[in-house]
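A, B, ... follow the sequence lines: proteins, then strands. Residue 1 opens every chain. When reading the values below, keep in mind they use all heavy atoms of this one structure, side chains included, and skip hydrogens, waters and symmetry mates.
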Amino acid sequence: MLDLRLLRAEPERVRTELMRRGSTDDLDRVLELDRRAREVRTRVESVRAERGRITKEIGQAKRVGRDSDDLQTAARALGDALVAEEAALREREAARDELLLGLPNLAEPEAPAGGEDDAVTVRVVGTQPLFDFAPKDHLEIGLLLGGIDMEQAAKISGARFAYLMGPLVRLQIALVGFAVDLLEARGFTPVVPPVLVREEAMFGTGFFPTDRASIYALADDDLYLVGTSEVPLAGLGYEKILDADQLPLRYAGISTCFRREAGAAGRDTRGIFRVHQFDKIEMFSFSDADGSSAEHLRILGVQEEILTQLGLHYRVQDIAVGDLGASAARKFDCEAWMPGQDRFREVTSCSNCTDYQARRLNCRIRTDAGTRFVHTLNGTAVAVGRTLIALLETHQRADGSVSVPEVLQRYGAPAELELA
RNA sequence: GGAGGGGUGGCAGAGCGGUCGAAUGCGGCGGUCUCGAAAACCGUUUCGGGCUUUAGGGUCCGACGGGGGUUCAAAUCCCCCCUCCUCCGCCA
């Protein structure tokens, strides 16, 4: 959520900023609704003040045993007059807030202009793996290894589900162990969070109302399956005033993630690249306003460290403003080379949400000048499914067997994955 | 799932229709005292919002888990929800 006071004080600046992201329609309506809401609020509050004065007088009269019927009549009249005004106030403020909630965050000035196709490549790391045979894609390899069964998953759960089996489970466990060790060494406290959350958490992180269609909802309970542990990790700061001295607070969430993939019909239908359920380790930081850009780069650094240690060829993309999620002010994606697709595909993503989520979550620190919203940041450490794809395809051999990076062997993975 | 008891400021804890944004204690901050410190003593100490302001403030409204209701008036009475605790049942 944007700062309403900023909208009032510098509407032109906000308009220019929102123009970069392609949407200014609601801004003027928010300002107009706000003006109208405050108009009523001023009236309502002065009537309430008047009634309060009379009510106090009644109390005094009662104590002395004096008659107060006239005062009571006057107070009742004021109260009756308030009913309609208060309803109007609620209505106008609700209308204003609903639109305000839908406005996206202001982008960092450095974020590239444009949309989906306008991401700027920051750097390319490693070299493209070369094969003296036609490289297979991860599904072929997975089948040869006996590590993936999607046909049977389709029968019991539907499209975009998979059984991960045998050697790939070993690989996942090693990946998780490796990542948790590295993250803890970088100051991130490991967390296994709730994956079912209330709608407040979804609003607080900005997934509602914008991305409601991508979230699974339970039919019989008012709970939602998280699409990322970013949601419950952000929830650690919900309605809280944090200790400023303890920032940045860093957490690494380990969870299964659930996504409906509505609107992605027909896209990436092969294999486990885009599925409804996957496991992910996610970094999340609560930072102060001054430190968030540095924290963002720090998170990106950890992501690159992981990809490098896994022996993957990747590039870093600076995402253009038009392609940012509602909460993000700046976003970097790491795209790993996937030989089976012969191109770079997203494996991690990290966003600086500045104070946008914090304002919705009401997560603050106390300063000499009062309370201030923190900044929140999130970034993928390991998205298991997509990382497996990159690993299998990058380290494959002609017969379909796969060599395993040394770091993962240290965490219990076999030196190579043999054909089933 | 059943029965009962709680949710009040950073924490503990009183208040149970009006003078209560809230006693008291602890903690925090400022000061007195001291060479310095401790102790003692004095003062101060919630958050959100409207209006206003020569920018330090002034003024008013709202908030006692959340929402609704009764009343001239609700922390206090009634209803619903959330949540914590105790006991019973069930369970990895």
* Structure fact -> Between A:E50 and A:R8, the residue closer to the 5' end of RNA chain B by nearest nucleotide is A:R8
Considering only atom [atom1], compute the distance from [N] to [M] and round it to an integer number of Å.
N     : M     : atom1 : result
B:U83 : B:C90 : P     : 24 Å
B:U86 : B:G31 : C1'   : 48 Å
B:G66 : B:G57 : P     : 29 Å
B:G1  : B:C72 : P     : 41 Å
B:U45 : B:G21 : C1'   : 14 Å
B:C41 : B:G49 : P     : 39 Å
B:G4  : B:G9  : P     : 27 Å
B:U24 : B:A14 : C1'   : 7 Å

Review item, nucleotides 16-21 of chain B N/O atoms under 3.5 Å of protein N/O:
unit_1: B:G18; atom_1: O2'; unit_2: A:R63; atom_2: NH2; d: 3.0
unit_1: B:G18; atom_1: N2; unit_2: A:T55; atom_2: O; d: 3.4

* Describe the nucleic acid contact of A:R53 in one word from base, sugar-phosphate, nothing, applying a heavy-atom distance below 4.0 Å. =>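 Contact class for A:R53: none.
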Taking any strand in view, what nucleotide pairs with [N] in a Watson-Crick or G-U wobble way, both distances under 3.5 Å?
N     : answer
B:C16 : none
B:U70 : none
B:A39 : none
B:A63 : B:U46
B:U34 : none
B:U86 : B:A3
B:A55 : none

* Which heavy-atom pair separates A:P414 from A:R170 by the least distance, and what is that distance? -> CD-CB, 4.1 Å
Take atom [atom1] of [X] and atom [atom2] of [N], then tell me their distance rounded to the nearest Å.
X      : N     : atom1 : atom2 : value
A:I365 : B:G10 : CD1   : P     : 16 Å
A:R51  : B:C60 : CZ    : P     : 17 Å
A:R359 : B:G48 : CZ    : P     : 12 Å
A:E57  : B:A73 : CD    : P     : 15 Å
A:N362 : B:U46 : CG    : P     : 17 Å
A:R198 : B:G65 : CZ    : P     : 17 Å
A:L71  : B:U71 : CG    : C1'   : 16 Å
A:D34  : B:G49 : CG    : P     : 12 Å

* Between A:R160 and A:E261, is there a side-chain N and carboxylate O pair less than 4.0 Å apart? -> no
* Ignoring hydrogens and angles, state whether a donor on the side chain of A:N105 or A:S327 is under 3.5 Å from an acceptor on the partner side chain. => no
Name every donor-acceptor pair, under 3.5 Å, that has one atom in a side chain of residues 246-253 of chain A and the other anywhere in the protein, sequence neighbours excluded.
unit_1: A:R250; atom_1: NE; unit_2: A:E295; atom_2: OE1; d: 3.4
unit_1: A:R250; atom_1: NE; unit_2: A:E295; atom_2: OE2; d: 2.7
unit_1: A:R250; atom_1: NH2; unit_2: A:E295; atom_2: OE1; d: 2.8

Between [X] and [Y], is any pair of side-chain heavy atoms under 4.5 Å apart?
X      : Y      : answer
A:D137 : A:Q341 : no
A:V176 : A:D279 : no
A:Y224 : A:V231 : no
A:M150 : A:V275 : yes
A:D28  : A:R15  : yes

* About how many Å separate CG of A:L100 and CZ of A:R360, when rounded to the nearest 0.5 Å? ->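 It comes to 8.5 Å.
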* Please list residues of residues 73-100 of chain A whose heavy atoms come under 4.0 Å from any atom in RNA chain B, ordered by number; otherwise none. => A:A75, A:R76
* Asked: In residues 37-48 of chain A, what residues come within less than 4.0 Å of RNA chain B, judged by heavy atoms?
  ->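 Heavy-atom cutoff 4.0 Å gives A:R38, A:R41, A:T42, A:E45, A:R48.
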* Asked: Per the salt bridge (Lys or Arg N to Asp or Glu O under 4.0 Å) rule, which among A:R41, A:R38, A:R36, A:R35 passes with A:E93?
  -> A:R41
* To do: Please state whether the rings of A:F208 and A:F203 are parallel, tilted or perpendicular, taking 30° and 60° as the class boundaries.
  =>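 If you compare the ring of A:F208 with that of A:F203, the planes turn out perpendicular.
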Distance-only criterion, 3.5 Å: show the donor-acceptor pairs between side-chain atoms of residues 233-242 of chain A and protein atoms not counting sequence neighbours.
unit_1: A:E239; atom_1: OE1; unit_2: A:N362; atom_2: ND2; d: 3.3

* Asked: Mind checking what makes side-chain contact (heavy atoms from CB on, under 4.5 Å) contact with A:V316, not counting sequence neighbours?
  -> A:V122, A:R123, A:L300, A:E304, A:Y314, A:F332, A:C334
